[in-house]
Q: 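Structure incoming, see below.
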Amino acid sequence: MKELLSAKYCPDEIEARWYEYWLNQGLFKSKPDNRKPYTIVIPPPNVTGVLHMGHMLNNTIQDILVRRARMKGLNALWVPGTDHASIATEAKVVNKLAQQGIAKKDLTREEFLGHVWDWTKEHGGIILKQLRKLGASCDWDRTAFTMDEVRSESVIKVFCDLYDKGLIYRGVRMVNWDPKAKTALSDEEVIYKEHNGKLYYLRYKVEGDAEGRYAVVATTRPETIMGDTAMCINPNDPKNQWLKGKKVIVPLVGRVIPVIEDEYVDIEFGTGCLKVTPAHDVNDYMLGEKYGLETIDIFNDDGTLSEAAGLYVGQDRFDVRKAIEKDLDAAGLLEKTEDYVNKVGFSERTNVPIEPKLSMQWFLKMESLAKPALEAVMNDDIKFYPAKYKNTYKYWMENIKDWCISRQLWWGHRIPAYYLPKGGFVVAENAEEALKKAKAKVDYPIEAKDLRQDEDCLDTWFSSWLWPISLFDGIRNPESEELKYYYPTSDLVTGPDIIFFWVARMIMAGYQYQGKMPFRNVYFTGIVRDKLGRKMSKQLGNSPDPLDLIAQYGADGVRMGMMLSAPAGNDILFDEALCEQGRNFNNKIWNAFRLVKGWEIVDSEQPETCKQAVRWFGAKLRATCNEVEDLMSKYRLSEALMAVYKLFWDEFSSWYLEMIKPEYGKPIDRATLEATLQFFDELLKQLHPFMPFITEELWQNLYERKEGESIMIAQIGDSSEQAGDKAILDEMEIVKQVISGVRMVRNKKNIAPKKGLKLSAIGSNPVEKYSAMISQLAYLDEFTTSEAKTNGTQAFLVGTSEFAVFIGDLVDVTAEIAKAEAEIKRLEGFIAGIRKKLSNEKFVANAPEAVVALERKKESDAQTKIAALQESIKSLRG
RNA sequence: GGGUUUUUAGCUCAGCUGGUUUAGAGCGUCUGCCUUACAAGCAGAGGGUCGGGGGUUCGAAUCCCUCAAAACCCACCA
């Protein structure tokens, strides 16, 4: 035996070394050639983010797909990059500056952006570095950023183009206002959560009512009464008929407002009276428009009360809610309060309650964009895995609303609209162009300094929706060779939570700007949860640090841990035990390698057993490779991994290697060793996409390799079924069962594993030609065929064939008889069931012949077994 | 309030258009083994009647209805 490697696989040094090698050899790089392309664009993580378990899952999947594509002869490209994430990043920097005592409002736009760029350069790309630890095979030379030059220019160009097409407009609308970030948000950025609040019943005095009566209004937001400009009742509400045509007085405020009538009001809710605050509620706004009501905006941008409120000016909206409750109560204007659960919208980014607010924003008309994008998915030009998300997608696309694309932020792509000194604006790609357009538009002299660019930025997703095109510079340069080659991309791997934010919009942009889909398949991953099913979160502290996990189990171990329980679209319940399983598997592979490479070679004739084993494992390998290919084509990655796992561990290690293993210290014949090395080579290739590092390490040491060679670019071979594969696979299953049968007898009777035994096939021996192999693996001294069983044997059945092990007086006659009788009873019940079926004329008449024939075979097999068992009982009683 | 999905061994899941021996896998469990590749291992075993009920059918985990539980998505109910 040659020198031994360590009995355990140690990943750390190996992983770093091979990743370096792959980089140095340029193996992640791709450029267009005459091969078929395979392309993935990364869902760009936040530029200042750090790796979490969701990224691990998502990027492991992408890496598996891209590595396998590479090994199948495709020109595989995985493009990495990061997203500027305007709200999140700006919020982080604002906080950081605040800690240093710097307020954003005291900085100029340029100064502030200087701080954000510094922050971005300092923290940016950490996450991409972390991805390398995972083994991600991205073409790093192509690393892009949504705010780099190419992407920025693309965004502006698209904005101008859509504006010119009349798809972008500016207008005052009710938008979702984030008072912390002080910006508008799109509907998708609002998360509704249950909120335990109160329902306040407020008294609105009826003007001029002789009896001094009140109209009572139920509201969850008493602090908005300063903005009330009407009260609304349902004209069909019998209990409020008396209010028709009246005016009421807003409590505390004293403003007189009309009572209007609209069927929108729910008669059953509260008192049937609704306060109308057009500036601060979407529905009230709708009523306001309909009845021409005044709008009073009582809030400042930060959620404090404005001068317009008249009362509580400068106080925060939630403080005011408490204060006004007290004051109303003191004034006798609060009838009662009730506990009440309602849904409140929260900002996705800052997690503060959003405030519906009227403001001037930019919008993109979506209807025409949505049409081709909806069709593409519904007719499966673009396939979703799992397909259930087609429904979700369809519903959203059919009810799509215009997209609010402006954000009151500085960090992002500044809206290329330039306001003219005397009103109006022009939209242009840059200031120069803007000036030209402005000069053409107005009849007064105008200079560059007279133009004022819009202060706002574009929604981050307005850059990400172009990602599959802009990565290949296809917006600025639609004829780009790169674009033509790599676009449409192949697979997109992302979470279902951003199906509207991102996936749907990329599809729309794809058809708008390329007339083609951006990707052919979308694989939706699940959410990574802990093993109790809870979402991983910082608050709960239940999210492991991915880099710690890698340090502990190795990248390959963690990748496998993630993949073992990650069917597409299902949430994955992450358990470190799975990483442990992954690590153990690495170790198994490692040790199999140690065994195989430890043998000395001799040029002797190949033993029959080895010939048979090689023949069989070749067939098994081909069959499993085909199975894996099938599973991969259906994106059933965890099942594909499991198939290879079992192939390596059970079939290759536990069966094949035991079959060919020479006695301790003895050499192996050349033919067998060479076949085994080739099997190992193929196994490593099948495993490589899942576990890139260990497979490279072992592949490099399996044979002499030249500098520059790598398993990464080794090609997965042909695994077409060969003549006779099926037969030998079937035969070997019987062989295995015979061996297991003998081992079971040993176990039951406490016979040492290597104590020689005598086995005899009763009647005939279906596996006679494998006698040597069976004898070797079952440690038999003798394997014969005999007419009938003799005393002192323990029998077992494989199919309908019976085998008997000689164990002398170890036989427990009573127990054996009882066992045989129980089995006979079971079989009799089984036969009874079959006979019932077979005697049913309708069954025989209707069921396909094959099914009927099968039932007959079951019946006769069971009878054969019963006969054998009865024979056994007889001989036991002897 | 709508919509989608899920409910199969202790756990996590397969089981596609109903019919290859009264259901499979991995992990865990139990038993026996430190057998010179691997105790992060080897050999073997036990374990569910397919959420409940009803129906269709010669035949259902698989189709239909219903009830129950859970998850997610969408929606302006103050």
Side-chain angles (χ1 to χ4, degrees), chain A residues 1 4-5 7-9 174 192 199 217-221 224 232 264-266 268-270 273-277 281-286 340 342-343 345 356 386 388-389 391-392 395-396 399 496-497 499-500 527 531 533 553 557 564-565 567 569-573 575 577-578 580-581 583-599 634 636 638-639 642-643 645-646 653-654 657-658 661 664-665 740 743-748 750 752-754 799 826-827 829-830 833-834 837 840-848 850-855 857-859 861-862 865:
Chain A
M1 184 156 320
L4 274 180
L5 295 157
K8 294 205 162 74
Y9 169 61
M174 183 67 81
Y192 288 89
L199 198 54
V217 167
T219 179
T220 54
R221 302 202 59 193
T224 62
C232 190
Y264 161 76
V265 178
D266 181 354
E268 303 302 320
F269 188 89
C273 295
L274 173 74
K275 67 193 266 314
V276 184
T277 321
D281 184 283
V282 180
N283 302 299
D284 293 10
Y285 176 66
M286 182 255 315
Y340 188 70
N342 66 339
K343 296 251 174 145
K388 66 178 176 184
Y389 288 110
N391 290 323
T392 314
Y395 184 82
W396 190 74
N399 296 282
D497 50 330
I499 187 168
F500 308 134
I527 297 166
K531 61 180 167 183
Y553 300 103
L564 275 172
S565 85
N570 277 13
D571 286 357
I572 93 153
L573 302 190
D575 187 344
L578 293 170
E580 212 172 300
Q581 194 183 343
R583 178 201 58 186
N584 294 354
F585 186 43
N586 277 295
N587 213 35
K588 187 71 188 175
I589 301 169
W590 182 256
N591 276 296
F593 182 84
R594 285 174 65 212
L595 175 69
V596 169
K597 290 303 277 188
W599 288 324
K634 293 171 181 155
R636 303 176 73 143
S638 48
E639 284 172 64
M642 186 48 71
Y645 174 83
K646 285 193 275 192
S653 298
S654 298
L657 290 179
E658 293 301 326
K661 194 171 171 179
Y664 179 68
S740 293
R743 287 171 176 171
M744 184 171 65
V745 172
R746 286 183 192 276
N747 248 294
K748 285 251 166 71
N750 250 315
K754 290 188 177 174
R826 202 202 110 235
L827 286 165
F830 181 61
I834 295 170
K837 224 183 230 187
N840 182 334
E841 283 172 35
K842 285 184 185 168
F843 171 71
V844 180
N846 292 324
V851 175
V852 179
L854 182 71
E855 291 299 319
K857 173 147 196 319
K858 284 195 218 169
E859 185 191 15
D861 283 359
K865 287 183 192 174

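Order of the sequence lines sets the chain letters (A, B, ...), proteins ahead of strands, with each chain counted from 1.
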Q: Within the side chain of A/N846, is there an N or O that forms a donor-acceptor pair under 3.5 Å with the backbone of A/K842?
A: yes
Q: Which listed nucleotide (B/U21, B/C58, B/A78) is nearest to the side chain of A/N840?
A: B/C58
Q: How would you list, by chain and number, every residue that makes a side-chain hydrogen bond (donor to acceptor under 3.5 Å, both in side chains) with A/Y553, sequence neighbours excluded?
A: A/E576
Q: Which residue, A/K275 or A/K646, contacts RNA chain B at a nucleotide closer to its 5' end, judged by nearest heavy atom?
A: A/K646
Q: Would you mind telling me which of B/A78, B/U21, B/U20 lies closest to the side-chain atoms of A/L854?
A: B/U20
Q: By nearest atom, which of the nucleotides B/A78, B/A37, B/C74 is closest to the A/K661 side chain?
A: B/A37
Q: Rounded to the nearest 0.5 Å, what separates atom CG in A/N587 from atom CD in A/E580?
A: 11.5 Å
Q: Can you identify which nucleotide, out of B/U22, B/G26, B/A78, has its nearest atom closest to the A/K858 side chain?
A: B/U22
Q: Nearest 0.5 Å, what's the CZ-NZ distance between A/R826 and A/K865?
A: 7.0 Å
Q: Please assess A/L274 against A/Y264 for the test side chain to side chain contact (heavy atoms under 4.5 Å, CB included), listing each intermediate value before the final yes or no.
A: CA-CA 10 Å; A/L274 173 74; A/Y264 161 76; 3.8 Å; yes
Q: What's the closest nucleotide to the A/F500 side chain, out of B/C74, B/A25, B/A78?
A: B/C74
Q: What distance, rounded to whole Å, do you find between the two P atoms, one in B/C27 and one in B/A45?
A: 15 Å
Q: Quick one: which of B/G26, B/U5, B/A40 gets closest to the side chain of A/K388?
A: B/U5
Q: Of the listed nucleotides (B/A78, B/C27, B/U21), which one gets closest to any side-chain atom of A/Q581?
A: B/C27
Q: Report yes if at least one side-chain N or O of A/Y389 is closer than 4.0 Å to OP1 or OP2 of B/C72; otherwise report no.
A: no
Q: Measuring from the side chain of A/L595 (C-beta onward, heavy atoms only), which nucleotide among B/A78, B/U22, B/A37 has the closest atom?
A: B/A37
Q: Got a sec, which residues hit salt bridge (charged side-chain N to carboxylate O under 4.0 Å, His left out) with A/K748, two or more places apart in sequence or on another chain?
A: none
Q: Partners of A/R583 by side-chain hydrogen bond (donor to acceptor under 3.5 Å, both in side chains), sequence neighbours excluded?
A: none
Q: Paired stems touching RNA chain B, three or more consecutive Watson-Crick or G-U pairs with both distances under 3.5 Å?
A: B:1-7 with B:68-74, B:10-13 with B:24-27, B:29-33 with B:41-45, B:51-55 with B:63-67
Q: Of all residues at least two apart in sequence or in a different chain, which pass the salt bridge (charged side-chain N to carboxylate O under 4.0 Å, His left out) check with A/D266?
A: none
Q: Going by modelled atom types, is there a donor-acceptor pair between the base of B/C76 and the side chain of A/N283 at under 3.5 Å?
A: yes
Q: Looking at every strand, decide which applies to A/P356 at a 4.0 Å heavy-atom threshold: base, sugar-phosphate, or nothing.
A: nothing
Q: According to a strict under-4.0 Å criterion, is A/Y664 in side-chain N/O contact with OP1 or OP2 of B/A37?
A: no
Q: As a test of reading the structure: which of B/A78, B/A37, B/U35 is closest to the side chain of A/P753, going by heavy atoms?
A: B/U35
Q: Hey, does A/R826 reach any base, or is it just sugar-phosphate, or nothing, if we go heavy atoms under 4.0 Å?
A: base
Q: Please determine whether the number of non-hydrogen atoms from other residues, nucleotides or ligands lying under 6.0 Å from atom NZ of A/K531 exceeds 12.
A: no
Q: Need to verify one output field. Residue with the more 5' nearest nucleotide on RNA chain B, A/K842 or A/K531?
A: A/K531
Q: Just how far is it from atom CD of A/E658 to atom OG of A/S653, taken to the nearest 0.5 Å?
A: 9.0 Å
Q: Answer with base, sugar-phosphate or nothing: what part of the nucleic acid does A/V844 contact at a heavy-atom distance below 4.0 Å?
A: nothing
Q: Can you tell me, in whole Å, how much space there is between the P of B/G18 and that of B/U57?
A: 16 Å
Q: In B/S/- notation, 5' to 3', how is nucleotides 41-51 of chain B contacted by protein heavy atoms closer than 4.0 Å?
A: SSBSS------
Q: Quantified in whole Å, what is the C1' atom distance between nucleotide B/G44 and nucleotide B/A61?
A: 30 Å
Q: Taking side chain as C-beta onward, heavy atoms only, is A/N342 less than 4.5 Å from A/L199?
A: no
Q: To the side chain of A/K343, which of B/A78, B/A37, B/A75 is closest?
A: B/A75
